[in-house]
Amino acid sequence: MFKYFPQTEEDLQAMLAKVGVKSLDELYAQIPDSIRFKGDYALPLAATELEVRQVFDKLGSQNKQLTCFAGMGVYDHYTPSVIPNLLQRSEFLTSYTPYQAEISQGTLHYIFEYQSMMAELTGMDISNASMYDGTTAAAEAMMMAVAAGKKQNKVLVAGCFNPQTYEVLKTYALHQGIELELLPTRDGATNLDDVKAKLAEGGVAGVMVQQPNVYGIVEDFTGFAEACHDKKALFIIDSVAADLAILKTPGEWGADIAVGDGQSLGIPMLFGGPYVGYMCCTEKLIRKMPGRIVGMTKDNRDQRAFVLTLQAREQHIRRQKATSNICSNQSLMALFVTVYLSLMGKQGVKEAAQLSYAGAHYLCDELVKTGRFTLAYDKPFFNEFYVKYDGDAQTLYQRFIEAGILGGIMFEDGFLFAVTEKRTKEEIDNLVKMAAL
């Protein structure tokens with residue numbers, strides 16, 4: 001009845017009797033007395049709710065809130081206030097894997113809606129029920145390509161891929177017999193001729209590219225899918241989810257698998273997580289996809305119902321046949337994305353992306369006008385860009401921090417700046433002012 005309460009004295013005596021001992025001391029009798037702890041636990045005295053709140057308020061006040069112009073995979077987007085209020089409802093916070101469809105219709109329904117929205121956003125046929133985050137989703141896509149490629153075990157990765165994601169790919173590949181190879185970067189982007197040359201060498205299961213890439217550049221992938229498919233390789237695109245509201249979708253590029261992080265769809269930065277990875281693919285790859293897929297059907301009363309259609313995990317099928325051992329479908333964060341997309345609507349998501357684009361281009365133009373910055377690559381960018389700085393980057397970065405600004409990601413010779421719809425003209429002008437000193 002009180003499942004979260006500790007056991008009563010009667011409970012303890014019943015359990016001890018069951019195992020044939022009279023006391024806890026007798027239960028632990030085989031533990032040498034010399035290694036037993038005999039002192040008092042260093043626990044604080046009991047505190048009132050008010051005192052506990054004061055402790056945490058004091059701790060929280062030590063955090064320095066900065067105006068964020070950093071990105072590289074995590075972005076400071078606006079979160080409608082209704083979302084946290086909905087997600088804090090107990091039925092969402094305490095729910096887990098919806099194995100019993102009869103009592104999990106609400107959870108299954110919103111996961112189905114999440115899948116539908118992500119499939120539409122990416123232009124792909126199928127979406128699974130979400131992944132841990134964007135980096136592990138990319139790693140799962142890599143393994144999925146090798147599984148589909150049978151005897152082909154090499155995966156080509158764009159040289160302008162996020163280096164943090166690439167490190168995760170290497171970790172996953174290490175014990176999977178997967179060979180990773182970085183493609184060369186030409187003028188900040190991936191070149192089709194280089195892709196074709198590597199594909200011609202044979203043994204390639206997949207080609208992974210990023211859109212926009214690590215430098216914020218929007219790449220042209222014309223001909224990439226055809227080149228991959230001619231050599232029986234899969235074409236994988238890793239994208240920032242929010243950017244797909246305006247950019248050409250992976251489906252339009254002819255991708256076989258689309259992955260990325262859904263954090264940009266309103267999830268706060270949260271000091272690094274939790275986030276949610278997305279994975280979408282073509283219908284022919286559905287049985288190679290890890291995780292779960294929720295489907296819609298009809299019950300015995302001919303009413304709409306939702307079920308776990310595919311569960312390619314080791315609990316459900318033979319271990320050697322499982323495509324993934326992912327144990328959580330990140331359901332709560334998938335709900336976050338679902339509510340965000342529902343509230344914003346197609347037009348709202350586009351407007352947020354347009355504001356981010358406009359703010360980034362305004363910031364870039366103003367920085368260049370100072371005479372201290374130059375755009376590293378003369379290529380189109382979305383809401384993130386890499387500029388070289390004529391000066392000491394470390395000194396400028398520290399100046400930003402002292403002015404309450406998280407001034408992008410610092411490179412050796414410059415900065416990678418990101419702008420979202422939250423950044424005002426005043427904030428952008430303040431950054432430029434600090435940079436021009």
Student: Strictly by salt bridge (Lys or Arg N to Asp or Glu O under 4.0 Å), give each pair with a member in residues 215-234 just once, sequence neighbours left out.
Tutor: none

Student: Can you tell me which residue pairs pass the side-chain hydrogen bond (donor to acceptor under 3.5 Å, both in side chains) test with a partner in residues 54-68, sequence neighbours excluded?
Tutor: none

Student: Could you measure the distance from the CG atom of L24 to the CG atom of L12? Nearest 0.5 Å is fine.
Tutor: 6.0 Å

Student: Do the side chain of Q210 and the main chain of A158 share a donor and acceptor less than 3.5 angstrom apart?
Tutor: no

Student: Can a donor-acceptor pair be found, under 3.5 Å and without considering hydrogens, that links the side chain of D133 to the backbone of Y275?
Tutor: no

Student: Would you say CD of E283 has more than 12 non-hydrogen atoms from neighbouring residues, nucleotides or ligands within 6.0 angstrom?
Tutor: no

Student: To the closest 0.5 Å, what do you measure between OG1 (T190) and CG (L183)?
Tutor: 6.5 Å

Student: Parallel, tilted or perpendicular for Y386 and Y215, by the 30°/60° rule?
Tutor: parallel

Student: What side-chain hydrogen bond (donor to acceptor under 3.5 Å, both in side chains) pairs are there with at least one residue in residues 337-354, not counting sequence neighbours?
Tutor: E120-K346

Student: Aromatic rings F385 and F417: how do their planes relate, parallel, tilted or perpendicular, breaks at 30° and 60°?
Tutor: tilted

Student: For E427, is there an ion pair with R423 - N to carboxylate O distance below 4.0 angstrom?
Tutor: yes

Student: Mind checking whether F92 and L335 have side chains closer than 4.5 Å, heavy atoms only?
Tutor: yes

Student: Please list all pairs passing the side-chain hydrogen bond (donor to acceptor under 3.5 Å, both in side chains) test where one or both residues lie in residues 11-29, with sequence neighbours left out.
Tutor: T8-D11, E9-Q13

Student: Write down the atom of L406, the atom of L66, and the distance for their closest heavy-atom approach.
Tutor: N-CB, 3.8 Å

Student: What side-chain hydrogen bond (donor to acceptor under 3.5 Å, both in side chains) pairs are there with at least one residue in residues 192-205, not counting sequence neighbours?
Tutor: E181-K198, R186-D194

Student: Kindly say whether S81 contributes a backbone atom to a donor-acceptor pair with the side chain of N85 at under 3.5 angstrom?
Tutor: yes

Student: Answer yes or no: is there a donor N or O on one side and an acceptor on the other, between the side chain of Q105 and the main chain of F306, under 3.5 Å?
Tutor: yes

Student: Under a 3.5 Å distance rule, please check whether Q115 uses its side chain to pair with a backbone N or O of V294 as donor and acceptor.
Tutor: yes

Student: Out of curiosity, M15 CE to L27 CG, how far, rounded to the nearest 0.5 Å?
Tutor: 10.0 Å

Student: Does the side chain of D243 come within less than 4.5 Å of S264's, by heavy atoms?
Tutor: no

Student: Any idea which heavy atoms bring K288 and A148 closest together, and the distance?
Tutor: CE-CA, 4.3 Å

Student: Name all pairs fulfilling the ring pair (Phe, Tyr, Trp, His ring centres under 6.0 Å) condition that reach into residues 38-62, sequence neighbours left out, sorted by first residue then second.
Tutor: F37-Y41

Student: Go through the steps to decide whether L375 and F381 satisfy the test side-chain contact (heavy atoms from CB on, under 4.5 Å), and finish with yes or no.
Tutor: CA-CA 11 Å; L375 193 59; F381 63 89; 4.2 Å; yes

Student: Are V214 and Y166 close enough that some pair of their side-chain heavy atoms sits under 4.5 Å apart?
Tutor: no

Student: Does a side-chain heavy-atom distance below 4.5 Å link Y110 with S331?
Tutor: yes

Student: Given side-chain contact (heavy atoms from CB on, under 4.5 Å), test M124 with T282 step by step and report yes or no.
Tutor: CA-CA 6 Å; M124 304 298 288; T282 57; 4.1 Å; yes

Student: Drop me the distance from D238's CG to N162's CG, to the nearest 0.5 angstrom.
Tutor: 8.0 Å

Student: For a quick test of reading the model, state the closest non-hydrogen atom pair linking G206 to A233 and the distance between them.
Tutor: N-CB, 4.1 Å

Student: Is there a side-chain contact between S239 and Y278 (heavy atoms, below 4.5 Å)?
Tutor: yes

Student: Any side-chain heavy atom of Y114 sitting closer than 4.5 Å to one from S127?
Tutor: yes

Student: Return the minimal non-hydrogen interatomic distance between D256 and L285, and the atom names on each side.
Tutor: O-CD1, 3.8 Å

Student: Tell me, do F224 and I237 make a side-chain contact under 4.5 Å, heavy atoms counted?
Tutor: no

Student: Answer yes or no: is there a donor N or O on one side and an acceptor on the other, between the side chain of E421 and the main chain of S356, under 3.5 Å?
Tutor: no

Student: Are L180 and M142 close enough, and set up right, to give a side-chain contact (heavy atoms from CB on, under 4.5 Å), and what steps lead you there?
Tutor: CA-CA 9 Å; L180 285 179; M142 171 191 69; 3.6 Å; yes

Student: Considering residues, nucleotides and ligands other than R89, do more than 12 of their heavy atoms fall under 6.0 Å from its CZ?
Tutor: no

Student: With distance as the sole test, does D261 use its side chain to make a donor-acceptor pair with the main-chain N or O of V74 at under 3.5 Å?
Tutor: no

Student: Tell me whether the count of non-hydrogen atoms from other residues, nucleotides or ligands lying under 6.0 Å of CG in L45 goes above 12.
Tutor: no

Student: Which is it for M208 and L169 under the side-chain contact (heavy atoms from CB on, under 4.5 Å) test, yes or no, and what are the steps along the way?
Tutor: CA-CA 11 Å; M208 300 186 71; L169 293 180; 4.1 Å; yes

Student: Looking at every heavy atom in both H229 and G254, which two are closest together, and how far apart are they?
Tutor: CE1-O, 3.6 Å

Student: Can you tell me how far apart CD1 (I178) and NZ (K170) are? Round to the nearest 0.5 Å.
Tutor: 14.5 Å

Student: How many angstroms lie between CD1 in I428 and SG in C364, if you round to the nearest 0.5 Å?
Tutor: 11.5 Å

Student: Return the minimal non-hydrogen interatomic distance between A70 and I409, and the atom names on each side.
Tutor: CB-CD1, 4.0 Å

Student: More than 12 foreign heavy atoms under 6.0 Å from OH of Y357: is that the case here?
Tutor: no

Student: Verify, without hydrogens or angle tests, whether D76 (side chain) and T420 (backbone) share a donor-acceptor contact under 3.5 angstrom.
Tutor: no

Student: With a 3.5 Å distance limit and no angle check, can you tell me whether D187 reaches the backbone of Y377 through a side-chain donor-acceptor pair?
Tutor: no

Student: Are F69 and V419 close enough that some pair of their side-chain heavy atoms sits under 4.5 Å apart?
Tutor: yes

